[in-house]
Engineer: 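Dropping the structure in here first, questions after.
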Protein chains: 2
Amino acid sequence: MSSVVEYKNGKPTIKNVETFCSLTNFALPRSDTSFRELFKEIDKKVKGEHPKVTQGALNNCHGDWYEWLIAIQAWNYRIKYQKRQLMLLLPNISRADLASLYVEGLNNHLVDLRLKVEKSNNVKLITSNPDFVILDIDEDKLPSLDEEPITQVTPQNIRYLEECYKHFIGKCNFNNIVGYFSVKTSLRPDRRLQLAHEGSLLKALYVHLQTRDWIIEPIGLKYYAASQSVTKADREGLQTVATHSITNVQSIPQAAVDHVFSIDNINEIESALSEIIIY
Amino acid sequence: MSSVVEYKNGKPTIKNVETFCSLTNFALPRSDTSFRELFKEIDKKVKGEHPKVTQGALNNCHGDWYEWLIAIQAWNYRIKYQKRQLMLLLPNISRADLASLYVEGLNNHLVDLRLKVEKSNNVKLITSNPDFVILDIDEDKLPSLDEEPITQVTPQNIRYLEECYKHFIGKCNFNNIVGYFSVKTSLRPDRRLQLAHEGSLLKALYVHLQTRDWIIEPIGLKYYAASQSVTKADREGLQTVATHSITNVQSIPQAAVDHVFSIDNINEIESALSEIIIY
DNA sequence: TCGCGCCGGCGCG
DNA sequence: TCGCGCCGGCGCG
């Protein structure tokens, strides 16, 4: 236990992965265990032994824990139900732009768009990376993955899931990237708009690729979100339109966020995945 | 001093206005006093007497303090330089939607747009209210305001500035609302995107009004932002395009945020206002 | 009671 | 060193 917090000049630093693995005893929570409660208990243990740990440090960890639990379950879902679609963790944008997942030709369209946009008016196309990308391996060209379910919460397994996206860099065609998924343990009226922005911009980029390759009937790009609890105001706030679709009367207004799931235990992850992962 | 924090069931609550007025001695800071340092000192005093005050409570207050200082300076700027443009605080959206500032005809276009968008695809047009609206009183129809500068930081003066927008509800024509201004004491890579979303959506609504009224050469809508410190990454992140402007090749890509100002003292407010308030 | 919009303190690469 | 993207705890109406 004392090993999960390090001190640097008297300032405690939570070792995120080790804390989560050690304090969950390396096991997945029961399928009806509330993540909220689970995180609260872990917090209590950490704070009990290390009173100087800040709320901000715990906030930071909660976000990762939530992503890991969903990533593990998504991994197992693909294997259990033998789906060709899969959901993978993405790193932050300074480690890898999600456009780099596309094959060279499509990536070049996006690079070209960014360059031209920037050149014409000193303007950029910037958003954060979503937490997950949803791939559809409908062609043999994409690498196949291990078929081993993940049953233990270990640093090795977490690291494996966090790096999995690397296999697909430069390999995805237009129809291989079918959606994105961003998750937050909690929402606030201001923070939930980050999701709307992300969804809106990702969909605008998709429409751009569609136009450049003149794809008449695209399968469409889904953008999903999830949180441990979702109020009516959250749902309404997240029904915001993808702004590119409202300025001319021809296009049908399109939601930036297609659906927001309430996910606070493993059963609820499973249920969300059954709507997200169709094939 | 003890009066600025109230206790409810042992839980401290900062009385925001009273704290700021009392701990600044009801005076505006010197024109080169760093707001950062000022807020830090106030925090220290509050925490010194009330150790149970949380970081979250102070965060909440900092946002208001920053807005008030800018609102006071904007008020005085108009009078000092006899400008016909003015910058007013806006309330949060549950108190008054900013569309309500427009005259009935224009407001109806926006109501109509919201209805049709919602009806067609269960999608809404949602963003937070910006902190300030920038008005141009270029017609005699708009109410005129007091010409008294504000030299004291008092609850009465702050309340006055917070309610000033009410005079303009239902009174603004297309060319009376020339811009918005949102401010944050600090930025983060995720939170700065809230500004991009807000700017993008406000500009899309403006384009919609322009289309409905078929206004050929609109004066344009500006969206500005400010923070106590702005990094290169912040500037680049905020150069994000207003997404409606990139999906067809005819329109020129337009920035969601026209300019981000670094404002940490009264001189810097003055300097920003000289770029924002032109006429 | 709850919705709004506020923001600092992270762990990591 | 800094950029990324994390999120709870507010004061107020």
Side-chain angles (χ1 to χ4, degrees), chain A residues 5-6 8 11-20 36 39-40 43 52-67 90-96 126-131 159 162 182-194 198 227-228 231-234 236-237, chain B residues 5-6 8 11-20 36 39-40 43 52-67 90-96 126-131 159 162 182-194 198 227-228 231-234 236-237:
Chain A
V5 175
E6 254 180 9
K8 295 173 182 170
K11 244 191 79 184
T13 296
I14 302 176
K15 293 163 76 179
N16 193 355
V17 184
E18 284 80 355
T19 301
F20 190 62
R36 259 222 161 79
F39 295 173
K40 227 181 262 175
D43 288 0
K52 294 186 78 178
V53 162
T54 63
Q55 180 69 51
L58 292 169
N59 290 350
N60 181 300
C61 293
H62 294 167
D64 280 338
W65 301 346
Y66 195 53
E67 285 182 36
L90 287 174
N92 77 43
I93 202 165
S94 64
R95 298 237 291 145
I126 292 182
T127 189
S128 46
N129 265 4
D131 297 320
R159 175 57 56 121
E162 285 191 330
S182 278
V183 305
K184 297 181 180 298
T185 59
S186 72
L187 297 171
R188 291 290 180 280
D190 58 331
R191 290 194 291 104
R192 71 185 170 222
L193 297 177
Q194 294 166 11
E198 204 170 77
S227 183
Q228 288 178 158
T231 68
K232 185 156 170 283
D234 289 331
E236 291 184 357
Chain B
V5 175
E6 256 181 6
K8 294 174 182 169
K11 243 191 80 183
T13 296
I14 303 176
K15 292 164 77 178
N16 191 356
V17 184
E18 285 79 357
T19 301
F20 190 62
R36 260 228 159 78
F39 295 173
K40 227 180 262 177
D43 288 0
K52 293 185 78 179
V53 162
T54 62
Q55 179 68 52
L58 293 169
N59 290 351
N60 182 301
C61 293
H62 294 166
D64 281 339
W65 301 346
Y66 195 53
E67 285 182 36
L90 287 174
N92 78 44
I93 202 166
S94 64
R95 297 238 289 147
I126 293 182
T127 189
S128 45
N129 265 5
D131 297 320
R159 177 55 58 122
E162 285 190 330
S182 277
V183 305
K184 296 180 182 298
T185 59
S186 72
L187 296 171
R188 291 290 180 280
D190 58 331
R191 291 195 289 100
R192 71 185 171 221
L193 297 177
Q194 294 166 11
E198 203 170 78
S227 183
Q228 288 179 157
T231 67
K232 185 156 170 281
D234 290 331
E236 292 185 357

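In what follows, every heavy atom counts, from backbone to side chain, and hydrogens, waters and symmetry copies are set aside. Just so we're on the same page: letters track the sequence lines, and every chain starts at 1. Just so it is clear, the model here is predicted, and its values are computed rather than measured.
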Engineer: If you check the B:Asn129 side chain, which of D:dG8, D:dC6, C:dG5 turns out closest?
Structural biologist: C:dG5

Engineer: Between D:dC4 and B:Arg192, is there an OP1 or OP2 to side-chain N/O distance shorter than 4.0 Å?
Structural biologist: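 Affirmative; the distance criterion is met.
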
Engineer: Nearest-Å distance, CG (A:Leu187) to P (C:dC7)?
Structural biologist: 19 Å

Engineer: Quick one: which protein N/O atoms are closer than 3.5 Å to N/O atoms of nucleotides 10-13 of chain D? Pair and distance per line, please.
Structural biologist:
{"unit_1": "D:dC10", "atom_1": "OP1", "unit_2": "B:Thr54", "atom_2": "OG1", "d": "3.2"}
{"unit_1": "D:dC10", "atom_1": "OP2", "unit_2": "B:Lys11", "atom_2": "NZ", "d": "3.3"}
{"unit_1": "D:dC10", "atom_1": "O2", "unit_2": "B:Asn60", "atom_2": "ND2", "d": "2.6"}
{"unit_1": "D:dG11", "atom_1": "OP1", "unit_2": "B:Ile14", "atom_2": "N", "d": "2.8"}
{"unit_1": "D:dG11", "atom_1": "O4'", "unit_2": "B:Asn60", "atom_2": "OD1", "d": "3.2"}
{"unit_1": "D:dC12", "atom_1": "OP1", "unit_2": "B:Asn16", "atom_2": "N", "d": "3.0"}
{"unit_1": "D:dG13", "atom_1": "OP1", "unit_2": "B:Arg159", "atom_2": "NH2", "d": "2.5"}
{"unit_1": "D:dG13", "atom_1": "O3'", "unit_2": "B:Arg95", "atom_2": "NH1", "d": "3.1"}

Engineer: Do A:Glu198 and A:Ser182 have a side chain donor and acceptor closer than 3.5 Å?
Structural biologist: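 There is such a pair between these side chains.
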
Engineer: In chain order, what residues pass the side chain to side chain donor-acceptor pair (under 3.5 Å) check against A:Thr54, with sequence neighbours excluded?
Structural biologist: none

Engineer: What's the NZ-C1' distance between A:Lys232 and C:dC4, to the nearest Å?
Structural biologist: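 Spelled out: NZ on A:Lys232 to C1' on C:dC4 is 16 Å.
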
Engineer: Taking atom NZ of B:Lys184 and atom NE2 of B:His62, what is their separation to the nearest 0.5 Å?
Structural biologist: 15.0 Å

Engineer: Rounded to the Å, how far apart are B:Ile126 CD1 and C:dG5 P?
Structural biologist: 10 Å

Engineer: What is the separation between atom NE2 on A:His62 and atom P on D:dG8, rounded to the nearest whole Å?
Structural biologist: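 For the pair A:His62 NE2 and D:dG8 P, the rounded distance is 6 Å.
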
Engineer: Just how far, in rounded Å, is C1' of C:dG3 from CG of A:Leu193?
Structural biologist: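 Atom-to-atom, A:Leu193 to C:dG3, this comes out as 13 Å.
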
Engineer: Could you give the NZ-to-P distance, from A:Lys40 to D:dG8, as a whole number of Å?
Structural biologist: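 In whole Å, D:dG8 P and A:Lys40 NZ are 10 Å from each other.
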
Engineer: Just to confirm, is there a sub-4.0 Å distance from OP1 or OP2 of C:dG8 to any side-chain nitrogen or oxygen of B:Thr185?
Structural biologist: yes

Engineer: Rounded to whole angstroms, how far apart are OH on B:Tyr66 and C1' on C:dC6?
Structural biologist: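 Answer to the nearest Å: 14 Å.
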
Engineer: Can you measure from CG (A:Asn60) to CD (A:Gln55) and round to the nearest 0.5 angstrom?
Structural biologist: 11.5 Å

Engineer: What nucleotide among C:dC4, C:dC6, D:dC7 has an atom nearest to a side-chain atom of B:Gln194?
Structural biologist: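 Of the candidates, C:dC6 comes closest.
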
Engineer: Mapping B:Asp190 and A:Thr231 onto DNA chain C by nearest heavy atom, which one lands closer to the 5' end?
Structural biologist: A:Thr231

Engineer: Report the distance from atom CG of A:Asp234 to atom C1' of D:dC7, rounded to the nearest whole Å.
Structural biologist: 14 Å

Engineer: What's the spacing between B:Glu67 CD and B:Glu162 CD if we round to 0.5 Å?
Structural biologist: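 It comes to 8.0 Å.
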
Engineer: How would you list, by chain and number, every residue that makes a salt bridge (charged side-chain N to carboxylate O under 4.0 Å, His left out) with B:Lys8, sequence neighbours excluded?
Structural biologist: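 So B:Lys8 forms no salt bridge (charged side-chain N to carboxylate O under 4.0 Å, His left out) with any residue.
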
Engineer: Quick one: on DNA chain C, does B:Ser94 or B:Arg191 contact a more 5' nucleotide (nearest heavy atom)?
Structural biologist: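 Result of the comparison: B:Ser94.
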
Engineer: Within the structure, does a side-chain N or O atom of A:Ser186 lie under 4.0 Å from either OP1 or OP2 of D:dC7?
Structural biologist: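 Negative; the distance criterion is not met.
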
Engineer: State whether B:Gln55 places a side-chain N or O below 4.0 Å from either non-bridging phosphate oxygen (OP1 or OP2) of C:dG9.
Structural biologist: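 Yes, within the criterion.
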
Engineer: Rounded to the nearest 0.5 Å, what separation is found between the CG atom of B:Asn129 and the CG atom of B:Leu90?
Structural biologist: 5.5 Å

